[in-house]
Amino acid sequence: MSIHELKEIAKKYYDAGLNILPASSREKRPLCAWKKYIKQRPTFDEVFSSITNFDALAIVCGETSGGVEVVDFDQKGAAFPAFWNVEKETCAECVVETSQSGGKHLIYRREDCGSSLKLASNKDGVLIETRGRGGICIISPSVGYTLERGDFTSLPILSRGECEKIFTTARSLDELK
């Protein structure tokens, strides 16, 4: 995908209220000083006019993206099938994507987005964690990321109860309890 095409998609995401930044897929981080954008969303031109060589898009989670939260399934998404089997109805409208390492991201908005949390682990490390307020996440159509379902321009807003249900199911998959 060309930088021009990626920038057009970034603009669509930005216009949908997301705090989107140009990023590097290899480094898995924005190509600008991004921490200041945790509390204040920049203008689109502020970040995309000065950076002309990028292959990825990063979303700043939390309030500056309308309450975006990401549930990140690490270790090649090992726990995702068991999670999805229980929560596919709750998460039916959420964005689901595969990351460059084979993990899964479940993305939605919530009114009371909290900080990032570790939800489940196993002997090899973290299985499931969230990217909440102050977190970032590389997203599709970045190099190596594949959108499986949903649309970043119309993320659902989940209730506190729906999010607690998601977290409870994720925590039940912890292998170190």
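The shown structure was predicted, so the numbers you read here are calculated from the model rather than taken from an experiment.
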- [ ] Run through E129, E97, E148 and flag the one making a salt bridge (charged side-chain N to carboxylate O under 4.0 Å, His left out) with K104.
- [x] E148
Looking only at non-hydrogen atoms, find the nearest pair between [X] and [Y] and report the distance.
| X | Y | result |
| --- | --- | --- |
| R41 | D15 | NH2-N, 4.4 Å |
| P141 | Y13 | CD-OH, 3.9 Å |
| L173 | L127 | O-CD1, 3.8 Å |
| S24 | A56 | C-CB, 3.9 Å |
| S116 | T130 | CB-O, 3.2 Å |
| K7 | F44 | O-CZ, 3.7 Å |

TODO: For the residue pair F48 and F54, categorise the inter-ring angle as parallel (less than 30°), tilted (30 to 60°) or perpendicular (more than 60°).
DONE: perpendicular
Open item on the list: Using side chain to side chain contact (heavy atoms under 4.5 Å, CB included), reason through E162 and R110 one step at a time and then give a plain yes or no.
Closed with: CA-CA 9 Å; E162 289 169 319; R110 62 183 289 181; over 6 Å; no
TODO: Decide yes or no on side chain to side chain contact (heavy atoms under 4.5 Å, CB included) for E111 and I157, but give the supporting numbers first.
DONE: CA-CA 7 Å; E111 291 176 8; I157 300 172; 4.2 Å; yes
Heavy-atom side-chain contact between [X] and [Y] under 4.5 Å:
| X | Y | answer |
| --- | --- | --- |
| E175 | S121 | no |
| K28 | Q100 | yes |
| F152 | L147 | yes |
| I107 | V68 | yes |

Backbone N/O of [Y] and side chain of [X]: donor-acceptor pair under 3.5 Å:
| X | Y | answer |
| --- | --- | --- |
| S142 | I138 | no |
| N122 | G125 | yes |
| N19 | Y37 | yes |
| E8 | E5 | no |
| T98 | G102 | no |

Open item on the list: What I want to find out is whether E63 reaches R133 closely enough, with some N-O distance under 4.0 Å, to be called a salt bridge.
Closed with: yes
Open item on the list: Test of understanding: clusters of I, L, V, M, F, W, Y form through side-chain heavy atoms closer than 4.5 Å, transitively. Do Y145 and V96 belong to the same one?
Closed with: no
Open item on the list: Are I51 and I139 connected into the same hydrophobic cluster when the rule is that any two of I, L, V, M, F, W, Y join if their side-chain heavy atoms are below 4.5 Å apart?
Closed with: yes
Open item on the list: If we check side chain to side chain contact (heavy atoms under 4.5 Å, CB included) with T169, which of these qualifies: V86, T90, N85?
Closed with: V86
Open item on the list: For the CD atom on E89, are there more than 12 heavy atoms of other groups (residues, nucleotides or ligands in this structure) within a distance under 6.0 Å?
Closed with: no
Task: R26 atom CZ, over 12 foreign heavy atoms within 6.0 Å - done: no
TODO: Would you check if there is a donor-acceptor pair between the side chains of T153 and D151 at a distance under 3.5 Å?
DONE: yes
Open item on the list: Using 0.5 Å steps for rounding, measure from the CG atom of L57 to the CG atom of L21.
Closed with: 9.0 Å
